[in-house]
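All chains are named by letter (A, B, ...) in the order of the sequence lines, taking the proteins before the strands, and each is independently numbered beginning at 1.
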Amino acid sequence: MRIYCILAVACLACPRVTVSAETEKIAFVGARIIPIAGDVIEQGVLIVDDGKIEAVGRRDAVTIPADAKTVDVAGKVLMPGLICTHNHVGGIGGADGSGPIQPGIRILDSLNVHDAGFRRVVAGGLTTLNIMPGSGHLLSGQTIYVKMRKARTIDDIFIRDADGKPTGGMKMANGTNSHRDKPFPGTRGKSAALVREQFIKAQEYRDKIQRAAGDPEKLPPRDLGLEGLVEVLEGKRVVHHHTHRHDDIMTVIRLAKEFGFRVVLHHVSEGWKVAKEIAEAGIPCSIILVDSPGGKLEAVNLIFSTGAVLEKAGVNVAFHTDDWITDSRLFFRSAALAVRAGMSREGALRGLTLSGAEMLDLQDRIGSLEPGKDADFIILSGDPLSVYTKVLETWVEGVKVFDRTDPEDHLHAVGGYGAGNDQEPYFCCFDHGGNQ
Amino acid sequence: MPRTGHIIQTIFLVAAVVITPPALAQVAVIGKTVYTMAGPVLKDTVVIIRDGKIAEIRPVFGTVIPGDLRILRAEVVTPGLIDAHSVVGLTGIYNQKHDQDQLEHSAPIQPELRAVDAYNALEDLVAYVRGFGVTTVHTGHAPGELISGQTIVVKTAGRTVDEAVFRAPAMVAATLSSSARKKEKGKSPGTRGKMMALLRAEFVKVQNYLAKRESGDEEKRPPRDLRLETLGRVLSGEIPLLVTADRAQDIASALRLAREFGFKLVLDSAAESYLLVDAIKDAAVPVIVHPSMYRTWGDRKNLSFETAATLRHAGIRVALQSGYESYVPKTRVVLFEAAIAAANGLTFEETLATITIDAARILGVEDRVGSLELGKDGDVALYDGDPFEYTTHCVGVVIDGNVVSDTPR
């Protein structure tokens, strides 16, 4: 009885985070649909059932089931939920100042799902994030791929693999962010040497496990960090690598070749200088556009046309917010600025959705509007690349998680008193520019 | 060796070509739509600039453009944009100690620091913002100390501060926010109460100094004091005190201080100003609102995209700014910040006013810049569409009649 009372009080205190167990069958009718996979559909229909996309197509080509609730979205634009391949919301705290390489750290152990940052994320139309520790280390820990479902705890937002394990990557960085006093490296040469040593250890650990063939006597003692790196060596865990300067980019490519790990290059401010090499290595890039170059030495040559140059070279390009470097509510802006500088509209919109999904190994589940995929989508007031366009609604797996007409959602979409309720993130340990 | 010498020579030659201002050019800017900010929107209009000043504004049809004019054309033509508060030229692109002159931490009150002594007219970030149509910038010492120094108004052209500056000092920069509070034990000011006490004590000192300086007896006059002299210009109403404050309580403190000492106040950043609309309006204080895309943390955690609209629609004079960034982006671009305001409550022309004529009025330079009117400076920005749209390009920039940029950006 007492427990029931407590539960009831808890529910009253937090009605917004009640997770809805079942979703309705809904037909969204009349919107301009940008499915990403395939051509734009005028007067389109999207049918959602049990959290999945059942059908998508032209109004005259899709039969609306009799039991579906119909929602008129004429005059609006409907497209897949956005995917941010590099985000820091949630008051994250990854590796600390004790060492430059900490593969045993899991960012999922540090997240506050009630952080106001998540409210801004859905206001921006983001439905999937790769939440990462910072870039102050050569390796700052395991990242986590999350869905913006309504959440009470971190478990509610995991994207699980076939075995039920939360999915994620590994965050690495090179360049100057991780340069500081011992035990951190002071040069680029030392940085690469430390990383290579660590991967060699992981190879030996993996080989020992293989040789043991299940014999507990021969198995090496369990090492959480090396376990994470073995997942990287086996290609189960993608490396998300912060890198800016052209030579640092080439170092990542060199190390990826040596150890055979799968990698996504992040930021790549000088990617335009080595676009051919990146394309030849077949490595995808997740880029960021900030409003001016500089602020740190490695970003002095940052230009808006990096996306265009990489696209032309044949590189798969996605975008990221790096929230709080750029605000998740303005994610479309990054893609639009890339278009301003010559990237194709199609490539830019793909870069906000399907390309990001591919970089997280989630392209079979999200990133485009296709039957069988998760019903993660957004409803916009107009052209996605216009500054005047608003995200009206955000849906995750058939559940509406943001509605601009809801006063509380509106507060987080535009800001105002009470909107800021964030937990400060922990970014070890590098100082900002001039103070260094 | 000679080879190196040759290369260096070439670099200097190239640099010289880029930075030498051409002789005052004669320019005709033809716009399909021209926003003069001093009257109705004009269609198919030519703005003729002679000797650096706007000489004629006429319909294209029926106007014979003399052969000596360089002709620029664009979909949309606006006055050169004004960034009402920035630190470009004092902060440099590299963000290393050697190029960061925006903030001196040796004492909390240093109004004697002149921006003219710190402004680098050739800084890359100045050219960068110019490429998007920004022709005038109010720049100087940054927020972050109780009184951090002076500010100036410059054109984003010129090789030296003397060529660039046209109002100095413009204001004295003060900060009433957490960023001016010292965290170290024993350092002052450590609290908001102490911040105000220090400022009030300083202004009392200035009052005494002014009174004594006016003494008829030369022997009784105190020696010249740069710090008190500068604040004396604030108390006399010659230049405003620019107070950076974000929390409503800090904005209220700034208003209280201005009431007590009777100086001209300009509010800066003012994230929670939407809570104090009536008080700000009653005090007739203009507001230079924070960049729309500032990060939502610390004192600015409750900032709103709609603040510029809220204030403007209440009748408060509002300008926008690029502000100060300690990391990336090293400078914001006021055009981009305005775009977000345009999408959040301000009309197109209201938004344009915040980065042209209203900014000029707040800075006291409306006789020179901020609108396209006969006799004003020939500062023009050209765009291939709605300047606020993400995908529109700035296709030309004219400062004092010189075409300083014609690369689409």
Side-chain angles (χ1 to χ4, degrees), chain A residues 116-117 120 267 269 288-302 304 322-327 329-330 332-342 345 348 383 385-390 410-422 424-425 431-436, chain B residues 88 91-100 102-103 124-125 128-129 132 248 271-272 274-275 291-307 310 322 325-333 335-337 339-340 342-345 348 386 388-393 408-409:
Chain A
R120 293 194 296 276
H267 309 324
S269 296
I288 186 166
L289 285 95
V290 290
D291 286 14
S292 67
K296 56 190 288 177
L297 288 172
E298 297 168 330
V300 164
N301 295 314
L302 179 142
F304 284 179
D322 203 357
D323 197 333
W324 284 332
I325 295 295
T326 70
D327 193 316
R329 293 173 297 181
L330 300 165
F332 276 117
R333 184 171 179 269
S334 299
L337 291 179
V339 171
R340 181 190 193 122
R345 273 183 70 91
D383 177 6
L385 299 187
S386 168
V387 67
Y388 301 108
T389 293
K390 302 285 191 296
H410 188 266
L411 173 69
H412 289 284
V414 302
Y417 202 79
N421 183 26
D422 295 4
E424 298 253 326
D431 211 343
H432 285 175
N435 301 325
Q436 211 164 17
Chain B
V88 288
T91 58
I93 189 170
Y94 298 106
N95 208 13
Q96 301 296 304
K97 265 186 182 160
H98 67 80
D99 74 341
Q100 302 302 300
Q102 73 282 2
L103 204 49
D124 288 352
L125 295 176
Y128 184 77
V129 298
F132 293 99
E272 292 178 1
Y274 50 74
L275 295 177
S292 313
M293 293 184 277
Y294 249 178
R295 292 173 184 124
T296 54
W297 58 12
D299 283 10
R300 292 191 291 261
K301 67 180 185 177
N302 291 318
L303 69 77
S304 166
F305 290 157
E306 295 176 340
T307 300
T310 304
S322 62
E325 290 293 343
S326 63
Y327 190 43
V328 296
K330 194 55 195 154
T331 184
R332 293 181 177 275
V333 179
L335 170 69
F336 298 162
E337 304 303 326
I340 302 302
N344 286 278
F348 179 87
D386 175 349
F388 299 134
E389 276 292 11
Y390 296 139
T391 48
T392 293
H393 305 92
R409 284 194 177 85

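With a threshold of 4.5 angstrom between heavy atoms, B:Ala342 approaches chain A through its backbone and through its side chain. B:Tyr294 does not touch chain A: none of its heavy atoms, backbone or side chain, sits under 4.5 Å away. Proximity to chain B (any heavy atom under 4.5 Å) is shown, for A:Ala338, by neither the backbone nor the side chain. When heavy atoms are compared at a cutoff of 4.5 Å, B:Gln102 does not approach chain A at all. Only the backbone of B:Arg409 comes within less than 4.5 Å of a heavy atom in chain A; its side chain stays farther off. Using a 4.5 Å cut-off between heavy atoms, B:Asp386 touches chain A through its side chain atoms alone. Of the atoms belonging to B:Glu389, heavy atoms from both backbone and side chain fall under 4.5 Å from chain A. Of the two parts of A:Ile325, the backbone and the side chain both hold a non-hydrogen atom closer than 4.5 Å to a non-hydrogen atom of chain B.
Side-chain atoms of A:His267 and B:Val328, non-hydrogen and from C-beta on, never get closer than 4.5 Å to each other. By the 4.5 Å heavy-atom criterion applied to side chains, A:Leu330 and B:Phe336 are not counted as neighbours. Residues A:Asp327 and A:Arg333 are not in side-chain contact: their nearest non-hydrogen atoms beyond the backbone lie 4.5 Å or more apart. Side-chain contact between B:Glu325 and B:Thr91: absent, with no pair of heavy atoms (C-beta onward) separated by less than 4.5 Å.
For the set A:Gly294, A:Gly420, A:Ser292, A:Gly415, the entry with the most heavy-atom pairs within less than 4.5 Å of chain B is A:Ser292. Among the candidates A:Ala413, A:Gly416, A:Ala419, the residue making the largest number of heavy-atom pairs closer than 4.5 Å to chain B is A:Gly416. Looking only at heavy-atom pairs under 4.5 Å with chain B, the residue among A:Leu302, A:Val290, A:Asp291 that has the most is A:Asp291. Note: B:Met293 leads B:Glu272, B:His98, B:Met293 in heavy-atom pairs under 4.5 Å with chain A. Most heavy-atom pairs under 4.5 Å with chain B, from the set A:Ala336, A:Ala299, A:Pro293: that is A:Pro293. Annotation: maximal heavy-atom pairing with chain A below 4.5 Å, among B:Thr331, B:Asn344, B:Val333, occurs at B:Thr331. By number of non-hydrogen pairs under 4.5 angstrom with chain B, the leading residue of A:Lys390, A:Arg329, A:Arg340, A:Arg120 is A:Arg340.
In summary, the aromatic rings of B:Tyr274 and A:Tyr417 are positioned with their centroids too far apart to meet the 6.0 Å limit. In summary, the aromatic rings of B:Tyr390 and A:Phe332 are positioned with their centroids too far apart to meet the 6.0 Å limit.
Interatomic distance, A:Leu411 CG to B:Ser304 OG, rounded to the nearest 0.5 Å: 8.5 Å.
In this structure, the side chain of A:Thr389 engages the main chain of A:Asp383 through a donor-acceptor pair within 3.5 Å.
B:Phe388 and B:Phe348 have tilted rings, their planes meeting at an angle from 30° to 60° on a 0 to 90° scale.
The heavy-atom pair separating B:Asp124 from B:Ile93 by the smallest distance is OD2-CG2, 4.0 Å.
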